[in-house]
Amino acid sequence: MLPPAYDAKQYEDAIYKKWESAGAFKAKVNPAKKPFTIAMPPPNVTGTLHLGHAVMLALEDIMIRHRRMKGYEALWIPGTDHAAIATQNKVEKILAGEGMTREKLGRELFLSRVREFVANSKDTIRNQIRKMGSSCDWSRERYTLDEDLSEAVTEIFVKMYEDGLVYRGYRIVNWCPRCESTLANDEVEHEEIEGNFYHILYPVKGEKEGLVVATTRPETMLGDTAVAVNPKDKRYKKYIGKTILLPLTNREIPIIGDDYVDLKTGTGALKVTPAHDPNDFEIGKRHKLATIRIMDGAGRINEHGGAYKGLDRFTAREKVLEDLKTKELLIKIEPLKHNVGHCYRCSAMIEPLTSDQWFIDVNKKVAKLGGKSLKERSLEVVKDKSIQIIPDRFKKTYLNWMGELYDWCISRQIWWGHRIPVWYCVGDGACKPECKNPIVGKTAPRQCPHCGSKQLRQDEDTLDTWFSSGLWTFSTLGWPKQTEDLKYFHPTSMMETGYDILFFWVARMILMTTYAIDDIPFQKVYLHGLVRARDGKKMSKSLGNGIDPIEMIAKYGTDALRMSMVVGTTPGNDVRLYEEKIEGFRNFTNKLWNASRFVLSILEEKGIKAKTKIDPKKLSDADQWILAKLNDTIKKADKGLDKYNIGETGQLLYDFLWNDFCDWYLELSKGEKQNPAVLHFVLKNILHLLHPFMPFVTEEIWSHLPGSQGFLMLQNYPTPIKGKFDGGTIQLGIELIGKIRYLRAENKLDPAKKTPVTIYAHANLGNVEKIRPEIIRLARVSELTLVESGEKLSKAATTMVEGMEIFIPLEGIVDTAKEKIRLGKEIESIHAQIKGMKARLDNPGFVKNAPPAVVAKDRASVLENEEKLEKLKAQWAQF
RNA sequence: GGUCGCAUAGCUCAGUUGGUUAGAGCGUUCGAUUCACAUUCGAAAGGUCCCAGGUUCGAAUCCUGGUGCGACCACCA
């Protein structure tokens, strides 16, 4: 016998171990079956499981388990991501605590330190993925820095280089002075800050007056190489061609005319700093201006900053302003709200600066893509629906973003990651001019192909972490080797992830995969929302409003946590999660447990040791009713999951178990017509249906179910049972019982006492007679008088349902005044209803245009209600 | 600046291709302890489906505009 309360911790880990050691999660190439593949978005090796992961794992596991039970070869590949900058930052922080820096440690020692850290946290995250019940194939676990995955990275890099898609360029990049590395455009977070607009007077050489420029970053004036005005600007036109004597450094810079300058912004005169502003860089190119970079990688002013050399950028700003003030060149300080980029990993303010970096050209047309560019191809596969995005609206978001994509800067000046497979000749004096060209290859070259020098130096930089994760769906299946796995399982069926990494990752996968293997990475993308706190705020450590999934699992069980994150949610919309919600699903888990306990006890009592056949001739009305409901539920659940309406399907199953099965069918089963075969059958189906959602509790109950063999997770998903079942009679009973309970409660009849009830059943007499014992029991009736029709009863509580009149005598038992008021209200409401429907039927347009079925329904309803009204009115007159 | 989303019961949310009286959970109120489950059971109250137009016989649902929140994108100093 099962214990009366389900205690999740007692079972979950053990069940998971059983599954895993039996190899239940493993998938293999099986031509007899259709594959269903999900590549798990690899969590970063830095951390522990958070709710974002938990939602992802719950959804993916539901999809995978459903398909597995439906007979697909279901493969879910787990893995982890080395998360370049994130991991490096984390280890650097640890080092800082020890008074150490990566520079002091040196590259090799630092990397071994990171590896050590990763080994630890990798285990943590792996075990937490298991805790969630994830049925992923651990034998195929991958890590973005695995040898074969690194090989894939190198392979692609070289290929892209050969196709001219990877190139080295001197450009303005987003630079994080904290991480001392570049960032891709979308790794920059724009945040509005309260800054200042500084108006500075730039004297014009040989003139008394000068030009006033406005800037938010005055320190960059140290690198100014021109002042630009709009040629159409009447105010400044005359200055074009003249020279500015740049304050503080006294460099002479030209005044140029450029259409880019907006007459209305600032003062209309723009200081041009090509090395530190993307627009200025473009202007600089147009006018062949010098590019003077004034900062080093850490954001300190370099030798070009003259007296300011060595100062941090913010200190330099203060000092520059101070000096300008002294020289009376600081004309005005105007407060200005403006957007400033910040590093998405460390939140430091981004400094745009010029640098030599590696880029991927997204606009170059290549033969390999049928004469299309990476961008065009990435747009195409979504436009032509090869890849479907759920929910649909994100398709537009994707297309917009992809359409505006700039070349992707892929080199990072950090140590943790895939080192760029590029070498440079640092020859010994015998170098030729072409020795300057980078040597790109899968393996380290022995010598310079041009001069033969053996003195080579590998590029110091590593690749953007998204470069390797962009290959995830196929690199995990063995590419560049043409494995059977790759042929069978790729493209993957589903990419399920948060909408927050649509650009970072999903788009990158599409871009890389279409190029690398001329295939889409996945057929569908399902984007889930962010998990938020009850008040809609983001969960964060600093706000202290976070919920730790591991803690919740310990408290309420994995099944409860999974359900709470999935039920009542829709794709793409954020989910608010709070403890009471999880608690509610803990209760639901317990409900299932106890319903099962009850059924199992009946089966035991009846000596049922195996599955028994349902005899179609021996089905009670209640049996028919529940089987009809079950069939309906199976159909809807299967369809719901096929269409990825996961939240809705969870709700459907919740309602079926709690309302239909427990509240009605099990209660009905406590009578004489108990049918163990049907109880067994329906419970078995419920376990199957709920299994993808709540794998642990269902598997545990399954193991106790007579006749169960093997794991529930490997059983077939239910299909509707053949045969027609008519639940109509019980449905009638349910409504009658409901009304009787209502009348009793409204009139405060003692619930402990049974009450006599009279029903004039009219045409339903035969049916109601069949379920007389059920009504008596569940409505607590002492004596049920069941007749076709009769006189109105004196001072009885009354209502009507399906044309039947229900009476409960009140006289001498309770105060009948209450009933008079209640009945009066009911009459009023019916009256209003009739009025509404009549108005509609009086509308010729309605009768003419509405489907006949709708009109007929209304007509019937009016007749029925009028009859009802008349009868209730007559009864009311009794009081 | 551009794009998108949301607005339904006190709270958190569902709501299928437009069709009687708009649903759930939590919370609230009233009641129940011989029951598989108090992690329970029965009953109830609670809604101008944000506002204004429009399409339609009929709108929570479709269209337009507005208001209020929110998100994302963006190299205007």
Side-chain angles (χ1 to χ4, degrees), chain A residues 2 4-6 172 174 185-186 188 190 197 213-217 220 228 260-262 265-267 269-273 277-282 336 338-339 341 352 391 393-394 396-397 400-401 404 406 499-500 502-503 530 534 536 556 567-570 572-578 580-581 583-602 636 640 645 647-648 651 654-655 662-663 666-667 670 738 741-746 748 750-752 778 780 829-830 832-833 836-837 840 843-851 853-855 857-858 861-862 865:
Chain A
L2 306 176
Y6 176 68
I172 282 270
N174 304 296
N185 289 341
D186 44 284
V188 177
H190 297 265
F197 217 10
V213 299
T215 179
T216 54
R217 295 185 299 155
T220 61
Y260 169 78
V261 182
D262 180 11
T265 308
T267 59
L270 172 70
K271 63 189 269 313
V272 183
T273 324
D277 183 282
N279 295 308
D280 294 8
F281 185 76
E282 291 303 317
L336 178 76
H338 63 136
N339 285 309
R393 70 183 128 95
F394 279 100
K396 207 168 171 183
T397 315
N400 282 345
W401 182 86
E404 287 169 20
Y406 287 75
Y499 65 73
D500 51 328
L502 176 62
F503 306 135
L530 260 47
R534 175 182 229 133
Y556 302 107
V567 173
T569 69
T570 38
N573 288 336
D574 292 350
V575 191
R576 299 196 195 195
L577 190 67
Y578 39 91
E580 294 94 304
K581 200 164 163 185
E583 201 183 339
F585 285 101
R586 188 269 319 263
N587 297 353
F588 177 70
T589 315
N590 196 55
K591 190 76 185 170
L592 172 62
W593 182 255
N594 270 289
S596 306
R597 210 161 78 93
F598 179 61
V599 173
L600 292 177
S601 74
I602 291 170
K636 283 184 183 153
N645 290 331
E648 209 180 312
Q651 183 71 50
Y654 181 101
D655 291 341
C662 292
D663 290 347
L666 288 188
E667 290 307 318
K670 287 173 184 170
R741 284 171 173 173
Y742 163 70
L743 288 179
R744 291 183 57 134
E746 287 292 301
K748 306 256 179 219
D750 184 351
L778 295 181
R780 299 190 62 76
S829 124
I830 294 167
Q833 249 178 78
M837 264 181 285
R840 188 166 36 221
N843 180 345
F846 174 68
V847 181
K848 199 175 132 203
N849 294 318
V854 175
V855 180
K857 218 171 171 186
D858 265 17
S861 185
V862 168
N865 276 310

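Please read these numbers as outputs of a predicted model, since none were measured by experiment. Chain letters run A, B, ... following the sequence lines, proteins first and then strands; every chain starts at 1.
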List the residues meeting salt bridge (charged side-chain N to carboxylate O under 4.0 Å, His left out) with [X], not counting sequence neighbours, and say none if there are none.
| X | answer |
| --- | --- |
| A:R840 | A:D858 |
| A:K636 | A:D632 |
| A:E404 | none |

Tell me, please, which residues at least two apart from [X] pass ring pair (Phe, Tyr, Trp, His ring centres under 6.0 Å).
| X | result |
| --- | --- |
| A:F503 | A:W401 |
| A:F281 | none |
| A:Y556 | none |
| A:F598 | none |

Pairing annotation in dot-bracket form, given for RNA chain B with Watson-Crick or G-U pairs under 3.5 Å and | for cross-strand partners: (((((((..((((.....[...)))).(((((.......))))).....(((((..]....))))))))))))....
Gap between atoms [atom1] and [atom2], on [X] and [N] respectively (whole Å):
| X | N | atom1 | atom2 | value |
| --- | --- | --- | --- | --- |
| A:E648 | B:C13 | CD | C1' | 13 Å |
| A:Y742 | B:G31 | OH | C1' | 16 Å |
| A:N594 | B:A38 | CG | C1' | 11 Å |
| A:N843 | B:G58 | CG | C1' | 9 Å |
| A:L530 | B:G5 | CG | C1' | 13 Å |
| A:L666 | B:C41 | CG | P | 11 Å |
| A:W593 | B:U39 | CH2 | C1' | 14 Å |

Ignoring hydrogens and geometry beyond distance, is the side chain of A:K591 in donor-acceptor contact with the base of B:C37 at under 3.5 Å? yes
A:R586 (side chain) and B:U39 (base): donor-acceptor pair under 3.5 Å: yes
Mind checking side-chain hydrogen bond (donor to acceptor under 3.5 Å, both in side chains) for A:E583 and listing every partner two or more places apart, or none if nothing turns up? none
Assign each of A:D663 and A:R597 to its nearest nucleotide of RNA chain B by heavy atoms, then name whichever residue's nucleotide is nearer the 5' end. A:R597
Its contact letters, B for base, S for sugar-phosphate only and - for none at protein heavy atoms under 4.0 Å, make nucleotides 17-30 of chain B read --BBB--SS----S
Assign a letter to each nucleotide of nucleotides 67-77 of chain B from its 5' end: B, base within under 4.0 Å of a protein heavy atom; S, sugar-phosphate only; -, no contact. -----SSBBBB
B:U48 and B:A43, which share atom name P, separated by this distance in whole Å: 25 Å
Report yes or no: does A:K591 contribute a side-chain atom to a donor-acceptor pair with the main-chain N or O of A:Y654 at less than 3.5 Å? no
Could you run down the sub-3.5 Å N/O contacts of the protein with nucleotides 46-48 of chain B?
none

Would you say the side-chain atoms of A:Y406 and A:N185 include a donor-acceptor pair closer than 3.5 Å? no
